[in-house]
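Written below as structure tokens is the structure these notes are about.
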Amino acid sequence: MNSYGSFIFALISLKMAYVATGVILTCPDGWSAWDTSCYRFYNNPKSTWDGAQAHCNRYSVSTAHSRHVAHLVNVDSSQEQNFILSWWKTMRTNYDNEYEVVWLGLNDKSKEGRFDGTDGCPPKFTFWDVNEPNNLRGEDCASIWNTHENHDNGAWNDSPCTDQYAFICEINF
């Protein structure tokens, strides 16, 4: 194929990806879209990590070829981290809560020190705070802090999985 043909093929591929994304990113009511995912913030009631993951798993979206089940948010890039932090800050204002922590979809329950996502895979991206994760108090589940003086940049912390926090669910497409 000549370079002109390659260019046309690339345009067709991009158009198909755009069309697919436009169809896929029809999020359920109350969910927000970004990139190839839908997100929803829950802070009432707060939940343990396992309870939050079970709550997220109750939601799904079916497309023509598959069913996409929600899970606790897995942050896969610095761009997604920035989106989550800025979007969540608007949620904090809407919910009038100045000090908030939410669960992330990472834990090291199966092997101490090896944090895996809700899909069982190692994270593609991390944003741990200084000296974190530290397993202080038997902390096996990842959380993100929104407005604490040491965590205002959205740095991650490991927390006891039995703590009660708000959470963010994500549906990936």
Side-chain angles (χ1 to χ4, degrees), residues 14 17-63 66-107 115-119 121-130 132-133 139 141-161 163-173:
L14 287 173
Y18 174 77
V19 170
T21 300
V23 171
I24 288 174
L25 286 182
T26 303
C27 296
D29 287 343
W31 291 68
S32 298
W34 183 81
D35 196 33
T36 59
S37 294
C38 297
Y39 302 88
R40 184 154 183 187
F41 174 73
Y42 293 93
N43 75 341
N44 189 13
K46 291 176 173 39
S47 184
T48 65
W49 191 94
D50 287 323
Q53 176 65 4
H55 184 89
C56 291
N57 286 162
R58 295 187 327 196
Y59 297 93
S60 65
V61 172
S62 294
T63 59
S66 60
R67 184 171 170 252
H68 305 272
V69 178
H71 52 81
L72 283 171
V73 65
N74 288 317
V75 180
D76 293 331
S77 68
S78 60
Q79 294 84 6
E80 187 175 18
Q81 169 76 16
N82 292 336
F83 163 75
I84 292 292
L85 188 60
S86 62
W87 172 74
W88 177 26
K89 283 185 177 185
T90 65
M91 294 295 107
R92 183 193 73 216
T93 301
N94 292 343
Y95 288 100
D96 195 31
N97 193 338
E98 289 300 315
Y99 185 79
E100 193 74 72
V101 179
V102 298
W103 289 121
L104 293 174
L106 295 173
N107 72 75
F115 279 80
D116 290 325
T118 53
D119 59 0
C121 296
K124 297 174 187 169
F125 169 84
T126 60
F127 196 69
W128 295 108
D129 202 1
V130 176
E132 297 292 348
E139 301 168 326
C141 293
S143 59
I144 183 172
W145 296 60
N146 193 342
T147 58
H148 187 271
E149 63 186 35
N150 296 324
H151 299 276
D152 192 39
N153 64 350
W156 302 358
N157 181 44
D158 56 334
S159 300
C161 301
D163 283 359
Q164 302 268 325
Y165 294 142
F167 53 97
I168 298 172
C169 297
E170 176 182 20
I171 301 173
N172 298 97
F173 294 96

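Below, each value reflects all heavy atoms present in this structure, side chains not excepted, and no hydrogens, waters or symmetry copies.
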Might you work through the side chain to side chain contact (heavy atoms under 4.5 Å, CB included) test for F83 and D35, ending with a clear yes or no? CA-CA 10 Å; F83 163 75; D35 196 33; over 6 Å; no
Decide side chain to side chain contact (heavy atoms under 4.5 Å, CB included) for W88 and I144; before the verdict, give the C-alpha distance in whole Å, the side-chain angles of both, and the deciding distance to 0.1 Å. CA-CA 11 Å; W88 177 26; I144 183 172; 3.7 Å; yes
With side chain to side chain contact (heavy atoms under 4.5 Å, CB included) as the test, would you mind laying out the steps for Q164 and T48 before giving the verdict? CA-CA 5 Å; Q164 302 268 325; T48 65; 3.3 Å; yes
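When all heavy atoms of D163 and S159 are compared, the pair lying nearest together is OD2-CB, 4.3 Å. Annotation for P28 and I171: closest pair CG-CD1, 4.3 Å, computed over non-hydrogen atoms. Scanning all heavy atoms of the two residues, the minimum distance from G105 to L72 falls at CA-CB, 3.6 Å. Taking all atoms of both residues into account, the shortest heavy-atom contact from D29 to R40 is O-NH1, 3.7 Å. R67 and S60 make their closest contact through NE-OG, 3.2 Å (heavy atoms, listed as atom of the first residue, atom of the second, distance). What you find for W145 and S143 is that their closest heavy atoms are NE1-OG, 3.8 Å.
Counting only heavy atoms from C-beta outward, the side chains of F115 and D158 approach each other to under 4.5 Å. A 4.5 Å side-chain heavy-atom check between K124 and E80 finds every atom pair outside the cut-off. Considering only heavy atoms from C-beta on, H68 stays 4.5 Å or farther from N172 through its side chain. Looking only at side-chain heavy atoms (C-beta outward), C38 and F173 come within less than 4.5 Å of each other. No side-chain heavy atom of C56 sits under 4.5 Å from any side-chain heavy atom of Y42. Within the 4.5 Å cutoff, the side chain of W87 has heavy atoms near those of the I168 side chain.
Residue H71 holds its NE2 atom at 6.5 Å from OG of S37, rounded to the nearest 0.5 Å. The distance from the CD atom of Q53 to the SG atom of C161 is 11.5 Å, given to the nearest 0.5 Å.
Put simply, the side chain of N57 gets close to the backbone of A70: a donor and an acceptor are under 3.5 Å apart. Under a 3.5 Å cut-off, the side chain of W49 and the backbone N or O of L104 do form a donor-acceptor pair.
Relative orientation of the Y165 and W103 rings is tilted, given thresholds of 30° and 60° on the angle between their planes. The aromatic rings of Y39 and W34 are tilted relative to each other, their planes meeting at an angle between 30° and 60°.
Side-chain contact annotation: W156 with Q81, donor-acceptor N/O pair under 3.5 Å present.
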